[in-house]
Amino acid sequence: MPNESSMDVQRFLFVRHHLGIHMADWHPTSYRTHTLAEIQLKGADLVGQEVTVAGFMEANRGKGAICFVDMRDGTGTSQVFLKGDIIGEEKLDTVQRMTRESTLQFTGTVAQKRPPKLKEGETPPPPAYEIVASDVVVLTRANAPLPLGITDSVSIGLDTRLDNRFLDLRRAHVNAMFTLRSKVLQYGREHLITEGFKEINTPKIIASASEGGTNLFPMMYFDTPAFLSQSPQLYKQLTILGGMERVFEIGPAFRAENHDTYRHLNEFISFDIEAAWMNDDDVMGVQERMIHHIWKTVAENDQEHIDTINAYRESQGDGSITVEIPTVPFPRIEYCDAIKMIQDAGEEITWGDDIDSSHCDIIAAKYPGFHFLPRWPMEMKPFYIHHIPGEVGATGEQLSRGFDLNYGRDEMTSGGQREHNVEILEENLRSKGLNPEEFSFYTDGFRFGAPPHAGWGLGVARLLMALTGSRNVRETVLFPRDRHRVTP
RNA sequence: GCCCGCUUGGUGUAGAGGUUAUCAUGCAGGAUUGUCAUUCCUGCGACCCGGGUUCAAUUCCCGGAGUGGGCGCCA
């Protein structure tokens, strides 16, 4: 049963949500004079004024002489009140028979809603506004039944949701998720630009396997065999060799890996940077400052979206999430220390082994938030990663200037200082079993003066998971591409 | 790719070798109501596919497909 306090919370969230609307200019359009959010936000000034609104019909109540319609558009919700002697019996009947999620356009006058009947001791909610309809236009009628209910209390399987993402997106908490995704990208861009980075775009159709190690999707480029890009890595380095100084790219990467987990997709958006005259420590600094800025700005500006997600989480019995702004600098646990920590926990691991998920749990127990894992063995890192001769680990093996960023058990980032000496680069290629001649488009760029440089690639969806507490990466991607799904 | 689980109305679920297959949500119709998670009444709607065991399979067995979780691989 609902309790009154939860209704107060709803009311509060509703008003909070609309405060955020100040940020955008919602100019009138051919289909509406006002957004539904404006009806609530500016309701006091609009009382008595005629307005036209448009939206999805979330619900209608009342089969008699009056009818209440809950309308929703991209900005918020408002109630429309219909009375037979105002709008006419025919139109009243049309609306009363209308299916959920049909799109309707209402014209009417704004009025203050009658306050709900209060039980003893309850505080009245802030005033809310509605539209007393004088006319209605049915824009489109929705089929019934819906493949999934927008406001239904039953939970819905992820597969059903993704098959019908266009409807799933209409649910408030899903919409909030992708609003936050947009904000995260915006704040990330903002921060990098303040540090002098320029946004670039690199090709996603490439001629040769770029990094090795991962499987690429083959394709035909007219008559030439080609691949979908697994990473912008080599191209963003070429822009640094070209004197671009500091660059970033937010773009897709494709991996033909048969993985099937909560955190992998075969197409994902990678947030990449590359910067001249920096080493691995320098770009770790860029990253932690950027993430700090994102978290801080979300906490300051976007709490209403977090609240929307929490309202849903609570309805599902999940705990609420909070945006905890991470302190800078993030902890750094060098590979050698991580191995020791895992061994001390009683796990079988030797120097040179990869740190797998169960091992990450051990580290995450001590470092639950963001933490860097620098100084991996050179053998485990790609050919383009820089190493300093003589910088060796516990068993005397060469260390690299490559690092990871983890959030809890999950890897967010892979990065490092790059090798800028072409002779070493070609030697690295050969030692990885790759043919330097196939990489001449890349290595040639290093023959005419090359700045030392470093960079990283960050999985945007995984960052969203960390922010929103999602337990599946598919929650944070509009139309995820995994091993079993290519549509919609 | 490996291991484990699951598959029942549109959606999410309960359940049993044999009776009319449970509940919620939804949908349709009706009554009531300036409602606000409205309420009430009536009705509608389902056992993943193929094979096997059995008098009888939606239930048990085998296979397939789909799906969820864990792992590997990676970001």
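Predicted model only: the values in this text are computed from it and were never measured. Each chain gets a letter, A, B and so on, in the order its sequence line appears, and its residues count up from 1.
- Rounding to whole angstrom units, CG of residue A:Leu146 and C1' of B:rG10 are separated by 8 Å.
- When both distances must be under 3.5 Å, the Watson-Crick or G-U wobble mate of B:rA75 does not exist.
- The residue A:Gly149 sits apart from the nucleic acid: no heavy atom pair falls under 4.0 Å.
- Residue side chain A:Glu257 does not reach the base of B:rG72 through any donor-acceptor N/O pair under 3.5 Å, judged by distance alone.
- Proximity note for A:Glu130 (side chain, C-beta onward) versus B:rG26, B:rG34, B:rC73: the nearest is B:rG34.
- Between the side chain of A:Trp456 and the main chain of A:Val283, a donor-acceptor pair closer than 3.5 Å is present.
- The distance between the ring centers of A:Phe383 and A:Phe439 falls below 6.0 angstrom.
- Separation of the C1' atoms belonging to B:rU59 and B:rC71 is 32 Å when rounded to the nearest angstrom.
- Summarising the base pairing, B:rA46 is matched to no nucleotide, lacking a Watson-Crick or G-U wobble pair whose two defining distances lie under 3.5 Å.
- A:His484 places its NE2 atom 16 Å from the C1' atom of B:rU7, with the value rounded to the nearest Å.
- One can place CZ of A:Arg471 at 13 Å from C1' of B:rG68, the figure rounded to the nearest angstrom.
- Rounded to whole Å, the P atom of B:rC47 lies 26 Å from the corresponding atom of B:rU54.
- The distance between atom CD of A:Glu58 and atom P of B:rU38, rounded to the nearest whole Å, is 10 Å.
- Between A:Arg462 and the phosphate of B:rC74, there is no side-chain N or O to OP1/OP2 separation shorter than 4.0 Å.
- Side-chain atoms of A:Arg61 and base atoms of B:rU38 include no donor and acceptor less than 3.5 Å apart.
- The side-chain hydrogen bond (donor to acceptor under 3.5 Å, both in side chains) test applied to A:Glu130 returns A:Gln79, not counting sequence neighbours.
- Neither OP1 nor OP2 of B:rG66 sits under 4.0 Å from any side-chain N or O of A:Arg485.
- A:Leu265 comes within 4.0 angstrom of a base, heavy atoms only.
- For the contact set between residues 401-418 of chain A and RNA chain B, defined by any heavy atom under 4.0 Å, the members are A:Arg409, A:Glu411, A:Met412, A:Thr413, A:Ser414.
- Base pairing of B:rA57 is not made with any nucleotide, judged by Watson-Crick or G-U wobble geometry with both donor-acceptor distances under 3.5 Å.
- Between A:Arg332 and A:Glu288 a salt bridge is recorded (basic side-chain N to carboxylate O distance below 4.0 Å).
- Tested against A:Tyr407 for a ring pair (Phe, Tyr, Trp, His ring centres under 6.0 Å), the candidates A:Phe370, A:Phe372, A:Phe330 yield a single pass: A:Phe370.
- At the heavy-atom level, A:Gln112 lies nowhere under 4.0 Å from the strands shown.
- At a threshold of 4.0 angstrom between heavy atoms, the contacts of A:Ser270 with the nucleic acid are absent.
- When the P atom is compared between B:rU22 and B:rG9, the two are found 14 Å apart, to the nearest whole Å.
- Ring centroids of A:Phe227 and A:Phe217 are separated by 6.0 Å or more, keeping the two rings apart.
- Across all strands shown, A:Arg474 has no heavy atoms under 4.0 Å from either base or sugar-phosphate atoms.
- For A:His259 against B:rC74, no side-chain N or O and base N or O form a donor-acceptor pair under 3.5 Å.
- Within the nucleic acid shown, A:Ile156 comes within 4.0 Å of sugar-phosphate atoms alone, with no base atom in reach, counting heavy atoms only.
- Taking atom CE of residue A:Met98 and atom P of nucleotide B:rG26, one finds them 19 Å apart after rounding to whole Å.
- Among the atoms of the strands shown, only primed sugar atoms or phosphate atoms (P, OP1, OP2) are found under 4.0 Å from some heavy atom of A:Arg100.
- We find that CG of A:Asp159 is positioned 13 Å from C1' of B:rC6, with the value rounded to whole Å.
- If you measure from atom NE2 of A:His359 to atom P of B:rG72, you get 9 Å, rounded to the nearest angstrom.
- By the criterion of a centre-to-centre distance under 5.5 Å and near-parallel planes under 30°, the ring of A:Tyr262 forms no stack with the base of B:rG69.
- Shown here, B:rC40 forms a base pair with B:rG30; the pair counts as Watson-Crick or G-U wobble because both key distances fall under 3.5 Å.
- Here A:Arg100 pairs with A:Asp152 under the salt bridge (charged side-chain N to carboxylate O under 4.0 Å, His left out) rule; sequence neighbours left out.
- A donor-acceptor contact shorter than 3.5 Å links the side chain of A:Thr103 to the backbone of A:Thr140.
- Across all strands shown, B:rU67 is found opposite B:rG5 as a Watson-Crick or G-U wobble partner, with both distances under 3.5 Å.
- Counting any heavy atom pair closer than 4.0 Å across all strands shown, A:Ser357 reaches sugar-phosphate atoms only and no base atom.
- Taking the P atoms as reference points, B:rA57 lies 11 Å from B:rG18, given to the whole Å.
- A distance-only check finds a donor-acceptor pair linking the side chain of A:Arg481 to the backbone of A:Val486 [under 3.5 Å].
- Between the C1' atom of B:rU38 and the CG atom of A:Asp70 lies a distance of 11 Å, rounded to the nearest Å.
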